[in-house]
> 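Quick one: structure below, then a few questions.
Per chain, numbering begins at 1; letters A, B, ... match sequence-line order.
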Number of protein chains: 2
Amino acid sequence: MSRKPNLKDVAKVAGVSAITVSRALSDPDKVSEKLRAKVEMAVRQTGYIRNQAASALASSRSGVIGVIIPSLSNIVFNEVLAGIYEMAQPSKLQVLLGDCHYSPLEEEKLLATLLSQSPEGLILTGTDQTDHARRLLQNAEIPIVQIMELTDSPIDMNVGFSHFQAGFDMTRYLLAKGYRRVAFLGARMDPRTQQRLAGFSQAMADAGLEPLVQSTPQASSIKLGGQLLRSALSGNQGQLDAVFCCNDDLALGALFEARRMNINVPGQLAICGFNDLEASALVEPAITSVAVSRFEMGKTAVQMLLKPEQYRHQGGGIIDLGFNIVGRASA
Amino acid sequence: MSRKPNLKDVAKVAGVSAITVSRALSDPDKVSEKLRAKVEMAVRQTGYIRNQAASALASSRSGVIGVIIPSLSNIVFNEVLAGIYEMAQPSKLQVLLGDCHYSPLEEEKLLATLLSQSPEGLILTGTDQTDHARRLLQNAEIPIVQIMELTDSPIDMNVGFSHFQAGFDMTRYLLAKGYRRVAFLGARMDPRTQQRLAGFSQAMADAGLEPLVQSTPQASSIKLGGQLLRSALSGNQGQLDAVFCCNDDLALGALFEARRMNINVPGQLAICGFNDLEASALVEPAITSVAVSRFEMGKTAVQMLLKPEQYRHQGGGIIDLGFNIVGRASA
DNA sequence: GTGAAAGCGCTAACAT
DNA sequence: ATGTTAGCGCTTTCAC
């Protein structure tokens with residue numbers, strides 16, 4: 001037999017009907033022990049593997065969830081992904097992953113392709129989906145979780161934390177330490193970075209201070225952190241006593257650059273970051289940062305997909321995972 | 001109409017037959033311009049999205065490829081993934097991604113689940129698949145690419161580089177610089193790490209030197225690099241003049257730790273790593289490392305899946321992407 | 001607890 | 001260039 005074995009083939013070998021094999025595989029309890037054993041033998045013997053396309057067509061359950069993240073190269077999303085997979089794989093859920101490169105339009109296109117796979121749920125990053133995307137999602141009638149940010153009006157469910165509040169709190173932390181000339185170094189300037197910036201600006205304004213900002217739409221990197229620091233310093237005649245980097249990559253770059261420029265950290269310049277990457281705790285001086293439970297966020301998102309009713313009736317399907325300012329030597 | 005629109009619904013609206021709609025969508029050139037326009041209207045009007053399960057069942061083409069990597073948290077694989085997606089998304093190929101946590105057994109299980117989705121191709125990491133996995137793969141009769149390592153006898157196709165050679169060459173590089181008491185710091189000790197170690201041992205043996213090794217099965221991390229360095233030093237009475245870390249995370253950790261211990265790098269101790277992460281080039285002193293084209297590897301793997309005949313007849317379906325030793329101040 | 005029949009939505013193969 | 005027919009492999013429904 002050269003073609004791939006199907007249910008009938010297995011059924012023939014086991015001496016039962018196809019539907020019995022189907023049941024033995026997907027709902028073993030509904031089949032007598034004897035037949036179950038026979039079927040198992042036959043499956044092994046034939047090397048049968050269920051055709052998920054046929055199964056999905058007949059049952060309208062695809063066994064797949066869709067995930068769209070803005071970037072595969074940003075380590076931050078990998079930890080979220082790791083959390084997603086941690087929950088999904090044991091549930092025998094396959095994950096269809098898409099990378100929209102921070103573009104809502106690409107996200108919209110990906111969405112259309114994803115939806116054609118009839119996913120049983122969807123995890124999307126952020127809240128800036130296009131109108132058309134939202135329409136697609138509405139029609140899909142599947143559970144949807146928006147992650148990373150917090151929103152009052154999720155498409156369906158939402159898990160994340162407030163980037164505004166985190167930016168605000170971190171700035172207050174710096175101000176409480178006595179820093180006054182604080183600059184925000186930002187790269188990419190995606191919605192979440194902008195919210196952090198907004199929090200920063202608010203806190204500075206509240207304190208009657210000028211919010212200094214050095215930003216670029218370029219993708220973030222360690223190297224860029226060094227460049228932004230130089231720009232910020234030259235743009236402000238070196239009159240800075242702290243920089244609040246929109247993420248730890250920039251912060252590391254700024255720290256390395258400061259060392260090259262013989263600027264003492266935190267003596268002459270305080271540096272803080274965002275995300276609390278492993279390196280931040282281990283460099284010298286260790287970098288003050290905002291810790292976020294990314295792994296947890298991924299896990300929670302999948303749990304929400306698995307039991308949507310439960311979560312929708314619990315805080316309106318919105319979960320705030322919060323954040324944590326980790327004070328270290330750099331500030 | 002509350003249920004999701006299908007081809008017939010669209011056909012009715014457009015006043016054509018279902019198959020025409022199907023063709024207009026998947027092979028526009030085969031349909032007259034007039035009908036194509038009509039169909040497009042009808043699709044938009046109904047909000048139709050193709051049911052990929054039905055399509056896959058009828059055509060036995062799923063539009064999906066499967067990818068299994070050993071770890072989602074290891075940044076190295078993310079860059080490979082980024083390359084994979086870079087090629088896959090424009091080809092409208094969906095990627096089913098699995099994380100086998102460095103376990104061939106988990107890989108085998110994932111494989112079974114993946115295969116039930118009838119992927120059109122498979123990308124696997126490394127060459128240590130279980131026997132049963134190999135049997136499954138043989139029966140699948142789809143193009144398969146093993147990535148990262150190089151092997152003489154791939155299951156189907158192979159793209160990667162020789163970790164043994166890289167370990168060997170890096171060691172020779174150190175020896176040429178005059179270092180003699182060189183220790184290999186290894187974590188995780190997955191097959192590729194072991195090959196690097198084998199290359200190191202060979203080069204040391206060739207030079208008549210004792211290959212010092214400090215290793216642990218623990219997952220690699222920056223922190224662990226510091227710990228391994230301490231162990232290596234205390235295990236060898238501080239009599240080391242260089243450490244060859246199995247990756248850059250360890251190398252960074254070793255460097256940070258050395259600084260804390262007031263050990264001058266490279267004056268008292270040379271440090272080199274593997275993978276050439278961004279940080280390695282930017283820390284002080286910059287870390288000597290082995291550069292590998294991971295992004296390229298991912299892209300190549302997908303290309304091989306797309307045109308298997310072409311690549312199979314070209315070097316037996318094996319592509320050596322090589323590596324590049326990047327000498328920097330740390331050694 | 002098991003089976004027979006029907007049909008999920010699409011496309012391949014064969015008309016026209 | 002367009003339509004008709006049949007069937008992909010499974011599960012749902014209903015019968016026993």
Side-chain angles (χ1 to χ4, degrees), chain A residues 1-40 42-43 46-64 92 113 115-120 140, chain B residues 1-40 42-43 46-64 92 113 115-120 140:
Chain A
M1 168 158 48
S2 89
R3 100 191 171 316
K4 268 192 227 132
N6 60 23
L7 263 192
K8 264 192 198 163
D9 299 327
V10 180
K12 210 169 289 172
V13 172
V16 297
S17 72
I19 182 63
T20 302
V21 178
S22 173
R23 282 200 271 251
L25 293 177
S26 39
D27 216 343
D29 299 340
K30 291 204 168 174
V31 168
S32 70
E33 197 161 334
K34 253 189 192 163
L35 286 196
R36 212 183 325 165
K38 261 198 220 166
V39 167
E40 255 166 52
V43 166
T46 52
Y48 171 73
I49 292 188
R50 175 205 258 110
N51 180 328
Q52 186 60 39
S55 171
L57 179 57
S59 68
S60 30
R61 299 208 298 94
S62 62
V64 158
K92 287 273 178 187
T113 339
L115 285 174
S116 74
Q117 302 277 357
S118 317
E120 298 182 23
Chain B
M1 167 161 50
S2 90
R3 99 192 173 312
K4 268 195 225 126
N6 61 22
L7 261 192
K8 264 191 197 162
D9 299 327
V10 180
K12 208 168 290 171
V13 172
V16 298
S17 73
I19 184 67
T20 301
V21 178
S22 173
R23 281 199 274 250
L25 293 177
S26 41
D27 216 342
D29 299 339
K30 290 203 168 176
V31 168
S32 71
E33 196 160 334
K34 256 189 192 164
L35 286 197
R36 210 183 325 163
K38 263 198 218 167
V39 167
E40 254 167 52
V43 165
T46 53
Y48 171 74
I49 291 188
R50 174 205 258 112
N51 181 328
Q52 186 61 41
S55 170
L57 180 56
S59 68
S60 28
R61 300 209 296 95
S62 61
V64 158
K92 287 272 178 189
T113 338
L115 285 174
S116 74
Q117 303 275 0
S118 316
E120 296 182 24

> Working to the nearest 0.5 Å, report the span between CG of Asn51(B) and CG of Asn6(B).
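Result: 9.0 Å between the selected atoms.
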> Once you round it to whole Å, what is the distance between P of dG3(C) and NZ of Lys12(A)?
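Value for this atom pair: 15 Å.
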> With rounding to the nearest 0.5 Å, note down the distance linking NZ in Lys4(B) to CG in Leu115(A).
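Going from NZ on Lys4(B) over to CG on Leu115(A), the span is 8.0 Å.
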> To the nearest 0.5 Å, what is the distance between CG on Leu25(B) and CD1 on Ile49(B)?
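Taking CG in Leu25(B) and CD1 in Ile49(B), the distance rounds to 11.5 Å.
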> Find the distance Lys30(B):NZ to dG3(D):P and express it as a whole number of Å.
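Roughly 15 Å, once rounded to whole Å.
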> Can you name the nearest heavy-atom pair linking Ala54(B) to Leu57(A), along with the distance?
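Of all heavy-atom pairs spanning Ala54(B) and Leu57(A), the closest is CB-CD1, 3.6 Å.
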> Using a cut-off of strictly less than 4.0 Å, decide whether Thr20(B) has a side-chain nitrogen or oxygen near OP1 or OP2 of dA1(D).
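No, Thr20(B) has no side-chain N/O under 4.0 Å of OP1/OP2 on dA1(D).
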> Take atom CZ of Arg36(B) and atom C1' of dA1(D), then tell me their distance rounded to the nearest Å.
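Taking CZ of Arg36(B) and C1' of dA1(D), I get 12 Å after rounding.
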> Can you check each nucleotide of nucleotides 7-13 of chain D against protein heavy atoms at under 4.0 Å and return B for base, S for sugar-phosphate only, - for none, in 5' to 3' order?
BBBBBB-
> At what distance, to the nearest 0.5 angstrom, does CZ of Arg23(B) lie from OG of Ser17(B)?
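That separation rounds to 7.0 Å.
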> What distance separates Gln117(A) CD from Ser55(B) OG, expressed to the nearest 0.5 Å?
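Taking CD in Gln117(A) and OG in Ser55(B), the distance rounds to 9.0 Å.
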> Does a side-chain N or O of Ser17(B) approach OP1 or OP2 of dT4(D) to a distance below 4.0 Å, or not?
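No, no such contact exists.
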